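So the structure is just underneath, and the comments pick up after that.
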Amino acid sequence: MKNEKVLVVGGAGYIGSHMVKDLLDTGYDVITLDDLSAGHRELLSGGEFIEGGLGDTVLLDNLFSTHTISAVMHFAAFSLVGESVEKPLKYYRNNMAATAELLDSMIRHNVKRFIFSSTAAVYGEPVEIPITESHPCNPTNPYGASKIAVERMLKDCDSAYGFKYISLRYFNAAGADKSGKIGERHRNETHLIPLVLEVATDRRENIKIFGANYPTPDGTCIRDYIHVSDLTSAHLLALKSLLSGGDSAVYNLGNNRGYSVREVIELARKVTGKPIPAIEADKRPGDPAILIASSDQIKKTLGWKPEYEDLETIIKTAWKWHQKEASI
Ligand code: UDP
C-alpha cells in the first residue's frame, strides 16, 4: 500500500474517524474531507484534513487534480431513520444528489475505486431472517431509499465507466476503538447504546423504549449490533480487493445475532453496574421489528473475521469511551 492515498469523505464522524485511524495504522496515506456538520476534527488521528462538502464540485475537482487518490471511502451521510421520515429532502439532497457530484468528479479525474457505507435500512421490513444480500430491497424510510438509490448509481457507473465499488450494508454500528481515544460522539444523540450509556453516566434520566408490542419475544425491536472496528476491518479488506483489481460487490456487515432493546439495556446494566431506568414509549416511525444480517458472503469472499462478536464486549468498549466523555 506504499504511496496509496485514500480520500475519506466524512472522516471526522463516528465510523469515519475509526476508519482514518485504522488506515493510518495500516500504512495508507489519508486525506479527510468533512464539512464538520456532524463530525469532530479532534477525533481525527492524523493525515491531511480538508473542510468542505461532498457536493462542492469546485473543491472536489481541485482536490482530485492536486492529489493522486487511489480510492475514495464515503461515510458522509445523514443516517437517522426518524429524521429522514420528517425531512426527506435533506436526505435525498445530501445522501443522493451530493454523492452524485462526488462520483461525477471522481470519474472526470479517472478515480474509479469507491467504498460506500450502505445500510440494512435498504431492505425494509424483512421477509426472511437472517437477511442476505439477495433479500428484496424495499426501504421503509427515506434514509434507506437514499442509500439504495446510490447503490443503483454505483451499478450504473460500473456498467458505463468501469467504475469499481464495494457497498457495505451496515447493520447497527456500536462500540469504540480499543485505545479509548476515539468513540461515538453525536451532537444530538439518538442511538440506543450511547443513550443508554448517557443514562449510566447521569447525563440523562432514563432510556425510552420505542415500542413494546412488536412481534418479537419481549415486544421490543431486535437489531444486529456490530463493532465499529469490525466495520473498519471489512473496509480495509474491501480496499485491498479493489486495489488489486477486484470486482464490484455488495456485502452485509453484521454478526448474525439479534438483541432486543430490553436485552441491550439489561447488558448495559450488567457492564456498568448502574440501574439505568427504562420507560416504555411510542414506536418510532420507520423502524422495522427485526433486522439480523447474514454476513457469510464477505466472510467467504474477502475472509472477513469479526473480532467483537459478543454484545457485552461491544458495550464494554463503548462504556470505556463514554466514561471519558462524561468526565470532560
Ligand atoms: N431505540 C429505543 N430508544 C431510543 C433509541 C433507540 O428504543 O432512545 C430503539 C430503536 O427503536 C431501534 C433500536 O433501539 O429499534 C436501535 O435504534 P438505533 O437508533 O440505535 O439504530 P437504528 O436501528 O435506527 O439504526
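The figures here come from the full heavy-atom set of this structure, side chains too, leaving out hydrogens, waters and symmetry mates. Bear in mind the structure is a predicted one, so any value in this text is a computation, not a measurement. Counting starts at 1 for both ligands and their atoms, following the listed order. We count residues from 1, following the sequence as given.
Within the 3.5 Å criterion, the main-chain N or O of Ala76 finds a donor-acceptor partner in the side chain of His74. Under the 3.5 Å distance criterion, the side-chain polar atoms of Thr201 are matched with a main-chain donor or acceptor of Leu197.
Residues that satisfy the ring-ring contact (aromatic ring centres under 6.0 Å, His included) test with Phe210, not counting sequence neighbours, are absent from this structure.
When heavy-atom distances to ligand 1 are checked against 4.0 Å, the residues falling inside are Asn172, Thr190, His191, Leu192, Leu195, Ile207, Lys208, Ile209, Phe210, Cys221, Arg223, Tyr225, Val261, Arg284, Asp287, ordered by chain and number.
Residue pairs meeting the ring pair (Phe, Tyr, Trp, His ring centres under 6.0 Å) criterion with at least one member in residues 174-200, sequence neighbours excluded, are His186-His191. Residue pairs that meet the side chain to side chain donor-acceptor pair (under 3.5 Å) test with at least one member in residues 286-295, sequence neighbours left out, are Arg284-Asp287.
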### Query
Under the ring pair (Phe, Tyr, Trp, His ring centres under 6.0 Å) criterion, do Tyr165 and Phe116 qualify, and how do the steps go?
CA-CA 7 Å; Tyr165 68 92; Phe116 181 57; 8.7 Å; no

